[in-house]
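Values in this document were obtained by computation on a predicted structure and should not be read as measured data.
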Amino acid sequence: MYPPTSPHAQPPVTGFPVTYSSYNPPVTQPAPPPQPKLQVDWSTGLFDCFSDFKNCCITCWCPCVTFGQVAEIVDKGSTSCGASGALYTLILFVIGSGCLYSCFYRSKMRRQYMLKESPCGDCLVHCCCEACALCQEYRELQNRGFDMVIGWQGNVEQRNQGVAMAPTAPAVEYMNR
C-alpha cells in the first residue's frame, strides 16, 4: 500500500499540524474599537421659528409644503417635494397626525449630517412641536447651503455650475421714439 518510510521522510500532508514544537503563533494586537463620530449641534434652536418669518407662516398654515421641501432634499431628489407633501397631507387627514411620518425624516436628516438628537427624541419633538421641528429642519438645510425653493435638482445644477446664483437685476430695454 504505502512505500516503506525512511527515518528522514516527511510525514504525509494532511492539513493538520503534526508537531507543535516549532509553532509560534504570531502576536497580534487587538483592533482598536471604532471611534464614535462626533455629533454636532443644530445650527438654530428648535424655537427659533421667527428667525425666518416667511417659512414660519407657511409651516403654520400649510406644513405639507415645508415637509415636502425638506423631504426632497433629505431624500436627495428620489422623491419630489409634491409627492412627499401630498403623502404627508394624506397621512395628516387619514390618521390625524403627520408627525408620525415626518419624525422619520428628522432621524434620517440627523444621520446624514451627524446632528445631535436634541432637545429630546425625534418623534417626541415632532409630536409635541411639529411646526417648530419642520421650521428647524428647513433652516438647517438652508444654513448648509441649500436653496429650498429650487429643490434637489436645482441645487445640483447650481453646484455643477460652480457658482452660487446671485440675484441680479433684470436687463432694462429702452424704447426709441
Discussion item. Working to the nearest 0.5 angstrom, can you tell me the gap between Ser107 OG and Asp122 CG?
Written reply: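 Ser107 OG to Asp122 CG: 3.5 Å, rounded to 0.5 Å.
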Worksheet entry | Atom pair CG/CG of Leu87 and Leu92 - distance to nearest 0.5 Å |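 Nearest 0.5 Å value for the CG-CG distance: 11.0 Å.
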If you look at every heavy atom in [X] and [Y], which pair is closest and at what distance?
X      : Y      : result
Leu134 : Ser102 : CD2-CB, 4.3 Å
Arg144 : Leu115 : NH2-CD2, 3.5 Å
Val125 : Ala133 : CG1-CB, 3.6 Å
Thr89  : Cys64  : OG1-CB, 3.1 Å
Cys135 : Cys56  : SG-CA, 3.8 Å
Leu46  : Cys132 : O-CB, 3.4 Å

Are [X] and [Y] linked, directly or through other ILVMFWY residues, by side chains that come within less than 4.5 angstrom of each other?
X     : Y      : value
Trp61 : Ile58  : no
Leu90 : Phe104 : no
Ile91 : Val94  : yes

Side-chain heavy-atom pair [X], [Y] within 4.5 angstrom cut-off:
X      : Y      : result
Phe146 : Glu140 : no
Leu100 : Ser97  : yes
Val74  : Gln112 : yes
Asn155 : Gln153 : no
Ile150 : Glu157 : no

Discussion item. Quick check on Lys108: does its NZ atom have over 12 non-hydrogen neighbours (other residues, nucleotides or ligands) under 6.0 Å away?
Written reply: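 Atom NZ in Lys108 is crowded, with more than 12 foreign heavy atoms closer than 6.0 Å.
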Discussion item. Can you confirm whether the side chains of Asp75 and Tyr105 place a donor and an acceptor under 3.5 Å from each other?
Written reply: yes
Discussion item. Please evaluate residues Lys116 and Arg110 with respect to the criterion side chain to side chain contact (heavy atoms under 4.5 Å, CB included), reporting the C-alpha separation (whole Å), side-chain torsions for both, the decisive distance (0.1 Å), and the verdict.
Written reply: CA-CA 7 Å; Lys116 291 180 181 174; Arg110 276 191 329 91; over 6 Å; no
Discussion item. Testing Gln69, Glu72, Gln136, Met109 one by one against Leu141 for a side chain to side chain contact (heavy atoms under 4.5 Å, CB included), which residue passes?
Written reply: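 Exactly one option meets the side chain to side chain contact (heavy atoms under 4.5 Å, CB included) with Leu141, and it is Met109.
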Discussion item. Before you tell me yes or no, could you show the steps for Asp48 and Trp42 under side chain to side chain contact (heavy atoms under 4.5 Å, CB included), namely the whole-Å CA-CA distance, both residues' side-chain angles and the distance that decides it to 0.1 Å?
Written reply: CA-CA 11 Å; Asp48 292 340; Trp42 290 79; over 6 Å; no
Discussion item. Apply side chain to side chain contact (heavy atoms under 4.5 Å, CB included) to residues Cys129 and Phe47 and explain how you reach the verdict.
Written reply: CA-CA 9 Å; Cys129 307; Phe47 302 111; 3.9 Å; yes
Discussion item. Please evaluate residues Tyr88 and Tyr101 with respect to the criterion ring pair (Phe, Tyr, Trp, His ring centres under 6.0 Å), reporting the C-alpha separation (whole Å), side-chain torsions for both, the decisive distance (0.1 Å), and the verdict.
Written reply: CA-CA 7 Å; Tyr88 177 88; Tyr101 181 48; 7.1 Å; no
Discussion item. Going by side chain to side chain donor-acceptor pair (under 3.5 Å), Arg106 matches just one of His126, Glu117, Glu137. Which one?
Written reply: Glu137
Discussion item. Side chain to side chain contact (heavy atoms under 4.5 Å, CB included) for Thr66 and Met148? Distances and angles first, verdict last.
Written reply: CA-CA 9 Å; Thr66 302; Met148 301 300 287; over 6 Å; no
